[in-house]
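Presented below is the structure to which this report refers.
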Amino acid sequence: MEDGAKRVTRRRIRTRARLLDAAFTVFAAKGFGRVSIEEVCEAAGFSRGAFYSNFATLDELFFALYQERADLIARQVADALAQDGPGLDVPAAVDRVTEVLLLDVDWLLVKTDFLVRAAREPAVARSLLDHRARLRRAVADRLARAQGPTPLPAVLGGAEGAARAVVAAYDGVTTQLLLDKDVDAARAWLKQLLMALLAAPPTPPPATRAPAHTPTPSAHGRRTPGPTPGA
């Protein structure tokens, strides 16, 4: 009985994985809003019953895909940042992050389609914001624990602000990647942005000027000039 349950569980896991893989391929080729459940089932080689035993809607399936990618990116960032131990060498960490971070054009196409839909549907937007916050928290938690040789620039407002800046840089670079399809250039540009954001030298305090000397009146009512420069 127990063996039978394990076989059912393994079969369901495989079915779910095939549905996710098929959906990703179809979404990337046609656009999220132009795909039906039937097309996903046909690409996966399953019936609608197999779909509904795993997902209630295409939105739910997309969020499962998004969760996979968000978890992968969070692991990539966390692993790259964790290699320094308790401290954090920001320039070295930026190198590692930009080398491994997921930059996949097909996934960006799918995500962008869904982002447009979320912008028009508040309930979908709330779910998408929750998922995006996972990556930001992973970055912020690591930065908050770091006490490396390169302090975070004060202008970012701490680890949470730095994490928002990292995600914003990633979003900007991936937008350009959608247009030119140049992954190598995207990695190089992302590295430059992250270095500028996280490893910028501290801003020196403004220089203070010595007060100017004010001539004082002499005993006869005339002003006595101040000291001659260089005297």
Side-chain angles (χ1 to χ4, degrees), residues 62-63 65-112 114-116 118-119 122 124-207:
F62 171 82
F63 279 123
L65 276 174
Y66 193 96
Q67 190 69 62
E68 281 187 352
R69 296 322 192 268
D71 287 346
L72 172 61
I73 293 171
R75 285 197 305 273
Q76 290 172 333
V77 172
D79 289 347
L81 295 178
Q83 291 183 32
D84 292 319
L88 179 63
D89 182 340
V90 171
V94 167
D95 281 341
R96 291 193 300 269
V97 168
T98 53
E99 284 173 6
V100 303
L101 196 59
L102 177 68
L103 289 171
D104 178 75
V105 174
D106 284 344
W107 169 241
L108 295 174
L109 286 169
V110 175
K111 188 177 75 168
T112 301
F114 201 81
L115 180 63
V116 172
V124 178
R126 285 193 295 272
S127 296
L128 190 55
L129 286 170
D130 288 343
H131 282 72
R132 283 173 59 84
R134 289 173 59 89
L135 173 60
R136 198 168 60 245
R137 284 196 299 270
V139 177
D141 288 348
R142 180 63 184 102
L143 293 175
R145 295 195 306 271
Q147 295 180 354
T150 308
L152 294 174
V155 70
L156 294 176
E160 179 65 28
R164 287 183 178 276
V166 168
V167 174
Y170 178 75
D171 285 344
V173 165
T174 53
T175 298
Q176 182 65 29
L177 177 59
L178 279 174
L179 300 176
D180 60 27
K181 309 295 191 295
D182 191 336
V183 175
D184 291 337
R187 291 195 188 281
W189 183 228
L190 180 60
K191 179 178 178 179
Q192 292 178 12
L193 284 175
L194 294 181
M195 287 293 290
L197 286 167
L198 301 179
T203 304

Task: Separation between CG of D180 and CG of L177, rounded to the nearest 0.5 Å - done: 6.5 Å
Task: T174 side chain to D171 backbone, donor-acceptor under 3.5 Å - done: yes
Open item on the list: Taking A140's backbone N and O only, do any of them form a donor-acceptor pair with R164's side chain (distance below 3.5 Å, no angle check)?
Closed with: no
- [ ] Find the distance between CG (L102) and CH2 (W107) and round it off to the nearest 0.5 Å.
- [x] 9.0 Å
TODO: First locate atom CD of Q192, then atom OG1 of T98, and finally report the distance between them rounded to the nearest 0.5 Å.
DONE: 10.5 Å
Open item on the list: Is there a side-chain contact (heavy atoms from CB on, under 4.5 Å) between Y170 and L103? Walk through the geometry before answering.
Closed with: CA-CA 9 Å; Y170 178 75; L103 289 171; 3.7 Å; yes
Open item on the list: Quick check: closest heavy atoms across L197 and A165, and the distance to 0.1 Å?
Closed with: CD1-O, 3.7 Å
Task: Spatial distance of atom CG (L194) from atom CG (L190) [nearest 0.5 Å] - done: 4.5 Å
TODO: Assess whether side-chain contact (heavy atoms from CB on, under 4.5 Å) is satisfied between Y66 and K111, documenting all intermediate values.
DONE: CA-CA 8 Å; Y66 193 96; K111 188 177 75 168; 3.8 Å; yes
- [ ] Indicate, with yes or no, if the rings of F114 and F63 have centres closer together than 6.0 Å.
- [x] yes
- [ ] First locate atom CG of L108, then atom CZ of R69, and finally report the distance between them rounded to the nearest 0.5 Å.
- [x] 10.5 Å
TODO: Starting at CG of L115, measure out to CZ of R132 and round the result to the nearest 0.5 Å.
DONE: 7.5 Å
- [ ] Flag yes if more than 12 heavy atoms outside K191 fall under 6.0 Å of its NZ atom; otherwise flag no.
- [x] no
Task: SB check R136 E160 (cutoff 4.0 Å) - done: yes
